**Q** 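Take this structure first; my questions come after.
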Amino acid sequence: MTETVMRPQPQDGSRPLPRDAVMQIHAYVAGEAKIPGVNRIIKLSSNEGAFGPPPAAQAAYAKVAADLHRYPDGGSVGLRKALGARWGLDPERIVCGTGSDELISLICHVYGGPGADILMSAHGFTMYDIAGTFSGARVIKVPEQNVTTDVSAMLAAVTPETRIVFVAHPNNPTGTLLPQSEVDRLRAGLRPDILLVLDSAYAEYVEAADYDAGQKLVDAGENTVMLRTFSKVFGLGGMRVGWGYMPASVADALNRVRGVFNVNLAAQAAAVAALEEPGWVEKCRAHNTEWRAKLAASLEAVGIKVWPSEGNFLLTDFATAEKAKGADAFLKSRGIIVRGMAAYSLPHCLRITVGTAEECGLVTDALSAFMKG
Ligand SMILES: *Cc1c(COP(=O)(O)O)cnc(C)c1O
């Protein structure tokens, strides 16, 4: 894992200088994908979904190859219509992006910026920090309870300058989920001019009975946004498609500044087809629920603490950074890549994606060998 180094900037006019905010940012470290000298890699570092891209999405992707000279539909009209039909949402209030990462960034620039405060939880998704800082805002990381967003602490951290509160719902990398009553309490306790962003990248995996991915609060007012993605359950991380459902006024603002053709032609085609794949989400959710529980139980059986997760991944706790590093190295020696958590201030933890049954078995075997030896 590489850390961004703060470099002193020359003040002598010898070269162009980035804004100070840019140099405060630690570049995002993506999940690793390769181990030198290892042929078969088990990649469980990026929560990509256990089953690859839906077959219908692959076919749609191949089919548009002859049309690549055409600009995409700049408004992602067909995709927004399909999303609206699938979840019963008004397509006019959906905005699509180059991954939900782009929407996070746009929201920070549109509602944050110099002088603004942006709140996130201590172990929240790093993109909020990167995009918020880039916008010029101050990003405040609020302490958590049991690696879960602490609504009381969040409300106490609000300042007159607070403009945006980000909550990943459930959170990545911790996997933890706030009960709906706590989400409601958060919204009710925030001033109406503060935008609450519920980032529900893992919505399709959630089993909690009271779960609402954000739709309810979006519809209840003018100050909540729900973000979703095709990168997790729909297996299209490489295509970069995300979307948000939001109040009309927020959609209007984002549409003024987003890339005019932000979602490319192949991505739109693949995403629409992914939505049409029969039974896909149900199959993936059922697999994930079964294997998330089995994987957690077998890791706990060999003495690894596992935090409760509603996502397609587990936050595993090795108590010390040294032990987590050792486990990471041991897994790598067997061709298994998981995610180190130092960048999330959880150096004693590893995040492990719930893969196929075989992959779950291989991780379990490796970690039990590690814990015994
Ligand atoms: C993966 C992830 C995203 C980003 O997804 P993209 O659509 O691929 O940009 C956003 N938020 C959370 C919490 C995630 O885990």
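Ligands are counted one by one from 1 in listed order, and the atoms in each one are counted from 1 as well. These numbers were taken from a predicted model, which means no experiment stands behind them. Residue indices begin at 1 and follow the sequence shown.
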**Q** Counting heavy atoms only, name the option from Met127, Glu102, Glu48, Lys232 that's nearest to atom 3 (C) of ligand 1.
**A** Lys232
**Q** Mark up the atoms of ligand 1 that fall under 4.0 Å of a heavy atom belonging to Ser231, in ascending order.
**A**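 Contacts of ligand 1 toward Ser231, numbered from 1: 6 (P), 7 (O), 8 (O).
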**Q** Examine Thr98 against ligand 1 and note whether any of their N/O atoms are separated by less than 3.5 Å.
**A** no
**Q** Should we count CD of Glu222 as having more than 12 external heavy atoms under 6.0 Å?
**A**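 Result for CD/Glu222: open.
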**Q** Pairs of donor and acceptor atoms involving the side chains of residues 323-332, under 3.5 Å and at least two apart or interchain, shall be tabulated with distances.
**A**
residue	atom	partner	partner atom	Å
Lys332	NZ	Glu32	OE1	3.2

**Q** Suppose we measure from atom 13 (C) of ligand 1 to each protein heavy atom; which comes out shortest, and what is that distance?
**A**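 Ranked first by proximity to atom 13 (C) of ligand 1 is Asp199 OD2, 3.4 Å.
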**Q** Would Tyr202 and His169 count as a close aromatic pair, with their ring centres under 6.0 Å?
**A** no
**Q** Going by the atom numbers of ligand 1, which of them fall below 4.0 Å from some non-hydrogen atom of Gly99?
**A** 6 (P), 7 (O), 9 (O)
**Q** As an exercise, state the distance from CE of Met127 to OG of Ser100, rounded to the nearest 0.5 Å.
**A**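 Atom-to-atom, Met127:CE and Ser100:OG are 9.0 Å apart.
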**Q** Got a sec: does the CG of Asp12 have more than 12 other heavy atoms crowding it under 6.0 Å?
**A** yes
**Q** So between Phe166, Phe125, Tyr202, whose heavy atom ends up nearest atom 15 (O) of ligand 1?
**A**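 Result: the heavy atom closest to atom 15 (O) of ligand 1 is in Tyr202.
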**Q** Can you measure from CD1 (Ile104) to CD1 (Ile118) and round to the nearest 0.5 angstrom?
**A** 11.0 Å
**Q** Is Glu358 paired with Arg40 through a side-chain N to carboxylate O contact shorter than 4.0 Å?
**A**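 A salt bridge is present here (some side-chain N lies under 4.0 Å from a carboxylate O).
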**Q** For Thr229, counting its heavy atoms only, list the atoms of ligand 1 lying under 4.0 Å from any of them.
**A** 5 (O), 6 (P), 7 (O), 8 (O)
**Q** What is the closest protein heavy atom to atom 9 (O) of ligand 1, and at what distance does it sit?
**A** Arg240 NH2, 2.8 Å
**Q** Does CZ belonging to Arg191 count more than 12 external heavy atoms closer than 6.0 Å?
**A**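 Result for CZ/Arg191: enclosed.
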**Q** What I want to know is whether Ser100 and ligand 1 share at least one N or O pair that is separated by under 3.5 angstrom.
**A** yes
**Q** Suppose I only count heavy atoms of Ala201 and a 4.0 Å limit; which atoms of ligand 1 are within that range?
**A** 2 (C), 11 (N), 12 (C), 14 (C)
**Q** With a cut-off of 4.0 Å, which atoms of ligand 1 are near a heavy atom of Asn172?
**A** 13 (C), 14 (C), 15 (O)
